[in-house]
Each structure stands twice: as structure tokens, then as C-alpha cells.
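The structure appears below as C-alpha cells.
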Amino acid sequence: MPGTLKDLARLMRGLDLCLLTTTTAYGHLGSRPMSNNGEVDYDGTSHFFTWAESRAAQDIAKNKNVQLGFQSQGPFLFIAVQGDATLTTHRPTMAPHWQESLTQWFKDGLDTPGLTMITVTARRVNWWGEEEGELDLS
């Protein structure tokens, strides 16, 4: 099992979908599926696209603490990433993370009105599989 972020990134290669969990305005937890948009070379930062008016964006605007939950389809592996989320609508910041496949939801690409990117910077990563572990990135 991984001892470094680079080792963990190797295990995470190919893990695209996760659950993004935020804290709602009422203090409840809200989770929704998100895609890494094919960015599977994990460096401690994840990027997701959503609508500015989405519940996820509204929650993050009030509370930056989030969790990402990944599960492998192959060997038994669960990963929990606790981190800080930020929002941006700055096109030059979003452009390197844009994938053309996203046009199925955002018809005008990066020019789609209301398009927002969520960036999650990991503070801690826990995993469970053949072994358990934790990386503190803060």
C-alpha cells in the first residue's frame, strides 16, 4: 500500500467517479456523484465542473470543508479525501481542466453561462484495501 502521495496516485489511476460530500446550510451532509473529468494522475488536487447555482456550489460558498469518496472496481480499495474546496469562474483557470466530453452537460463549453469549477485541495487522505493508511497533506 502507498506510503507517499505518488504511491497513492498510482493506485488511484483510473478512478474517475467519486462522491463529493458537502455540508448544507442546515448542517446536514449532502453527497452527489462527480467526475474527475479523466484527470486521474492524482497530485492532491481534484477539479470538478458544476453550475454556479448548484447545491454543491452553494454549500461550498458557505463551508469549504468537503470529502471525496472513491471506490475501485478492481482490487478492494476505498479512498476518502478530506479537503478544502474553492470555486472559480475564471476561464483561464478552468481551461486546463476542461474535457470536451463535458459539453453533454455544458453545451457552450467554457462559455456556458453559470459554469463553475470546484477545486478540492486535499488535507488528509485515508484508504482501506489490502492495508489501511493515511497521508496528512496539510
Side-chain angles (χ1 to χ4, degrees):
M1 270 299 172
T4 67
L5 187 56
K6 185 176 181 178
D7 295 333
L8 182 62
R10 194 173 310 114
L11 286 178
M12 290 179 72
R13 189 165 286 122
L15 297 182
D16 180 36
L17 299 176
C18 70
L19 285 178
L20 167 65
T21 302
T22 58
T23 303
T24 70
Y26 298 105
H28 301 126
L29 299 177
S31 298
R32 75 276 302 150
M34 301 295 279
S35 169
N36 273 325
N37 309 313
E39 293 183 29
V40 294
D41 291 327
Y42 190 68
D43 65 358
T45 306
S46 300
H47 304 278
F48 308 100
F49 288 91
T50 191
W51 300 101
E53 297 302 317
S54 69
R55 170 51 68 81
Q58 292 175 21
D59 290 349
I60 289 166
K62 293 179 178 137
N63 185 335
K64 68 178 183 173
N65 299 301
V66 300
Q67 179 161 301
L68 306 175
F70 294 89
Q71 176 186 353
S72 70
Q73 294 294 324
F76 175 75
L77 178 65
F78 292 92
I79 299 171
V81 176
Q82 298 88 39
D84 297 326
T86 57
L87 303 169
T88 188
T89 57
H90 186 246
R91 184 184 172 129
T93 302
M94 296 190 305
H97 307 288
W98 181 258
Q99 302 285 323
E100 282 306 310
S101 62
L102 293 169
T103 57
Q104 64 184 310
W105 294 286
F106 307 104
K107 301 294 183 200
D108 295 326
L110 287 170
D111 295 319
T112 301
L115 180 67
T116 299
M117 186 175 74
I118 299 169
T119 299
V120 177
T121 304
R123 288 189 319 268
R124 181 179 313 121
V125 183
N126 296 85
W127 64 89
W128 302 267
E130 292 177 4
E131 298 179 28
E132 295 181 11
E134 178 178 325
L135 287 175
D136 188 347
L137 304 172
S138 54

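Because only heavy atoms are used, hydrogens play no part in the values below, and waters and symmetry mates are left out as well, while side chains stay in.
The list of salt bridge (charged side-chain N to carboxylate O under 4.0 Å, His left out) pairs with a residue in residues 112-127, not counting sequence neighbours, reads Asp84-Arg123, Arg124-Glu134. Counting only residues at least two apart or on different chains, the ring-ring contact (aromatic ring centres under 6.0 Å, His included) pairs with a member in residues 102-122 are Trp51-Phe106. For residues 22-33, the pairs satisfying salt bridge (charged side-chain N to carboxylate O under 4.0 Å, His left out) are Arg32-Asp59, with sequence neighbours left out.
Residues Phe49 and His97 meet the side-chain proximity criterion, which asks for heavy atoms closer than 4.5 Å. At a threshold of 4.5 Å between non-hydrogen side-chain atoms, the residues Leu29 and Thr23 count as touching. The shortest distance between side-chain heavy atoms of Pro33 and Leu19 falls below 4.5 Å. At a threshold of 4.5 Å between non-hydrogen side-chain atoms, the residues Ser46 and Leu68 count as touching. A 4.5 Å side-chain heavy-atom check between Val81 and Ile79 finds at least one atom pair inside the cut-off. Between Leu115 and Leu110, the closest side-chain pair of non-hydrogen atoms falls below 4.5 Å. Looking at Asn65 and Gln82, their side chains never come closer than 4.5 Å, going by heavy atoms from C-beta outward. Proximity of Arg91 to Asp111: side-chain heavy atoms (C-beta onward) are separated by under 4.5 Å at one or more points.
Put simply, Leu102 and Leu17 are part of two different groups of oily side chains (I, L, V, M, F, W, Y) that touch within less than 4.5 Å, one to the next.
Residues Thr50 and Ala57 share a closest heavy-atom pair of CG2-CB, 4.4 Å. When all heavy atoms of Ile118 and Met34 are compared, the pair lying nearest together is CD1-CE, 4.2 Å. Between Val120 and Gly83, the shortest heavy-atom contact is CG1-CA, 4.3 Å. Between Phe48 and Ser35, the shortest heavy-atom contact is CD2-O, 3.1 Å. Annotation for Gly109 and Trp98: closest pair CA-CZ2, 3.4 Å, computed over non-hydrogen atoms.
Counting only distance, with no hydrogens or angles, the side chain of Lys64 and the backbone of Ala61 share no donor-acceptor pair below 3.5 Å.
Here the CD-CG distance, from Gln71 to Leu15, works out to 9.5 Å after rounding to the nearest 0.5 Å. Put simply, NE2 on His90 and CE on Met117 are 10.5 Å apart, with the number rounded to the nearest 0.5 Å. Residue Thr22 holds its OG1 atom at 11.5 Å from CD of Gln67, rounded to the nearest 0.5 Å.
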Apply side-chain contact (heavy atoms from CB on, under 4.5 Å) to Phe70 and Leu77, showing your working.
CA-CA 8 Å; Phe70 294 89; Leu77 178 65; over 6 Å; no
Evaluate the criterion side-chain contact (heavy atoms from CB on, under 4.5 Å) for residue pair Thr119 and Thr45; output intermediate values, then yes/no.
CA-CA 7 Å; Thr119 299; Thr45 306; 3.5 Å; yes
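Aromatic ring pairs are classed by plane angle as parallel below 30°, tilted from 30° to 60° and perpendicular above 60°; the pair Phe76 and Phe78 is perpendicular.
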